[in-house]
Amino acid sequence: MFRAQYRVQWNKKGFLVVRKLKAVLGILVVGAGIYSYKFATEIAAVAGGYVSQTICTNVVMIGRDLAEVEAQDLSYDQNWISSSTVNGNWVDTLIELGPLSFTHTSTYRPGLGCSHLGGMQRNDFEAIGLQQLAAKPAVEAIWPAPVSVPGVDMQQLDAAVTAAFTETVDDVYQRKNTRAVLVHYQGELIAERYGSGFDVDTPLRGMSMTKSASATLIGILVAQGRLDIQDPAPIRGWSEREDGRSTVTTDHLLKMTAGFDYQEEMESDPRNLLSTMLYAVPDAAGLAAQTALKGEPGNSWDYQTVHSVLLQEVIRNVIDDDQAYFGFPEQALFGKLGMDNSFFQADATGTFIGGASMYASGRDWTKLGLLYLNDGVISYGARQGERILPKGWVEYATTPSEPSLRKHPYGAQIWLNSEAPQLLFPQAPQDAYAFQGHFGQYVIVIPSMELVVVRMGMTFSEGGKSFDKQVFLQSILQALPATDSA
């Protein structure tokens, strides 16, 4: 009797336990499914934005072959999960993650480059654009052919340039993939070479060298008397904030000392703030402006692209006229320097991406380096002698902030070779500085040698190990007369 009663009671309790367990498991399965779908959606948005914009830029704008771009400009993982179709100015990229698939779209808008929609409605997207392309300012500068300069070991220089293009493996993801090398020394071009499929007119992806170009536009606004970099940065919604953002100046943004509370990463987590901001949302600056601070502005330095993205928000708000803003890079910088194969690219809302996505030919990147070498004064062509950056701007831009000296010497969106725990180029003179971008993009300026060195490429290997920038620069310097600053 007791056993029978106990068995009945146990059965009732066991049934309840099993039913509860099934309910919990059901909730976990549903929760896991929701999380997995959200995770896949976020991954697909970043990958789709990056791939579609890359193909749009290189195929629609530059005119390269689709298969070539997929093979040479996308990573193995991106190629594995994506396929793209080009229809006129539009690129649709299908991202397949197991049983899930997502389509993301980018398109070309004259004056604004290629932009991914980032979820914006197509009608709203197409309503934003430059109404009329302005005529380019006359430059009348003929780019010279490379020449020999007394004192330069041309045989060593040729060997150094050749080594930058020499490959020892077949795997594209382990190759150097150098696309352009130019060396400008003491007023003369002494070396210029391009990889197969690229030439003097091919716009090349600058990645984070875009930051230096955005800072240059800020300098031009200062020269025009339209901006004081010590004033609070004109960012949407910041003047009402009580968390310190209202005190962030444009100087803080330029020097990357605002103190934003996030870690700059790309490959380690594709869904992080950096990737989401650049490739998955329609308003990159709007997302950047939401980033909280971790301390008082000016007290710390961290390499954070949020600073650079917000610089373009500053420029747009200072100009306060979208048509004038859309044409500003061409009228104020590219056109004046004769950078005929250069362009920024905007997010869906029309704000240029301040930290990435600019393209320029090898010659054009060299011209930007020469502008800094010559203290913001144009040094050739019909506009020779015209100052477009304020007197003293280059000194400001190449002076490290005190917080940066505790990590990497850094100026106004420019990497420096000042004395610090981690030198940029240990074998180079200390006055060297560089614009630098992912996958091995470099514009290296050494004022004491009157030298500008440009290297462009797509070096996929981890940490860019297959292309050693130190060996590359040292081999160039070995061809030049010694300097007391070395």
Indicate every side-chain donor-acceptor pair of residues 86-104 with a distance under 3.5 Å to a residue at least two apart or in another chain.
from	atom 1	to	atom 2	distance (Å)
Asp92	OD1	Thr105	OG1	2.6
Thr93	OG1	Ser84	OG	2.8
His104	NE2	Ala44	O	3.4

Stepwise side chain to side chain donor-acceptor pair (under 3.5 Å) check, Asn272 with Tyr262: CA-CA 9 Å; Asn272 62 23; Tyr262 86 101; over 6 Å; no
Heavy-atom check, side chain of Gln478 versus side chain of Gln427, under 4.5 Å: no
Spacing of Ser75 atom OG and Tyr173 atom OH [to the nearest 0.5 Å]: 6.5 Å
Side chain to side chain donor-acceptor pair (under 3.5 Å) evaluation trace for Ser212 with Tyr372: CA-CA 10 Å; Ser212 305; Tyr372 276 78; over 6 Å; no
Residue of the set Leu217, Ile353, Ile218 for which side-chain contact (heavy atoms from CB on, under 4.5 Å) holds with Gln312: Leu217
Any donor-acceptor pair under 3.5 Å from Thr276 side chain to Leu273 backbone: no
Donor-acceptor pair between Lys211 and Thr305 side chains, under 3.5 angstrom: yes
From Thr57, Asn58, Thr202, residue fulfilling side-chain hydrogen bond (donor to acceptor under 3.5 Å, both in side chains) relative to Arg64: Asn58
Validation row: Thr366, Leu370 side chains within 4.5 angstrom (heavy atoms): yes
Exam field: side chain Asn417 to backbone Ala432, donor-acceptor pair closer than 3.5 Å: no
Within 45° cone of Phe334 ring axis and under 6.0 Å: Lys367 NZ or CZ: no
Minimal non-hydrogen separation, Ala47 against Ile81, with atom names: CB-CD1, 4.0 Å
Qualifying disulfide (SG to SG under 2.5 Å) pairs with a residue from residues 52-81, counting only residues at least two apart or across chains: Cys56-Cys114
